[in-house]
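Keep in mind the model is a prediction, meaning the values are calculated, not measured.
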Amino acid sequence: MLFRSAEVVSVLMLVVGLIIAKHLPLLSSLPLSQITGIVCFTFAIYLSLRIYNAELKKIRAEE
């Protein structure tokens, strides 16, 4: 499997937590929308690199 479900669940919980925290008056001054975007983009890069490494291993195994 290219990704572990625990990794996806942990990132999704972090994103949901950041979205909920964005609506709290105590934390409204923090740039939580930007942080959420950075977390999502970073995780997308991480998953794409895992897929790339898996495909690279397949290609090298065929040679």
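Remark: L14 engages L18, V39 in a side-chain contact (heavy atoms from CB on, under 4.5 Å) (not counting sequence neighbours). Here A44 pairs with nothing under the side-chain contact (heavy atoms from CB on, under 4.5 Å) rule; sequence neighbours left out. Under the salt bridge (charged side-chain N to carboxylate O under 4.0 Å, His left out) criterion, K58 pairs with E55, not counting sequence neighbours.
The minimum heavy-atom distance between V15 and C40, with the atom names listed, is CG2-SG, 3.8 Å.
Within the 4.5 Å cutoff, side-chain heavy atoms of F43 are placed close to those of L47.
Around CG of L26, the count of heavy atoms belonging to other residues, nucleotides or ligands within 6.0 Å does not exceed 12.
Expressed to the nearest 0.5 Å, how far CG of L24 lies from CG of L30 amounts to 10.5 Å.
Under a hydrophobic clustering in which Ile, Leu, Val, Met, Phe, Trp and Tyr are joined whenever their side-chain heavy atoms come within less than 4.5 Å, directly or via other members, L32 and V16 fall into different clusters. Using a 4.5 Å cut-off between side-chain heavy atoms of Ile, Leu, Val, Met, Phe, Trp and Tyr, with links allowed through other members, I35 and L12 fall into the same hydrophobic cluster.
Counting only residues at least two apart or on different chains, no side chain to side chain donor-acceptor pair (under 3.5 Å) pair has a member in residues 14-36. For residues 2-13, every residue pair satisfying the salt bridge (charged side-chain N to carboxylate O under 4.0 Å, His left out) rule, not counting sequence neighbours, is listed here: R4-E7, E7-R50. Listed by first and then second residue, the salt bridge (charged side-chain N to carboxylate O under 4.0 Å, His left out) pairs involving residues 26-44 amount to none (not counting sequence neighbours).
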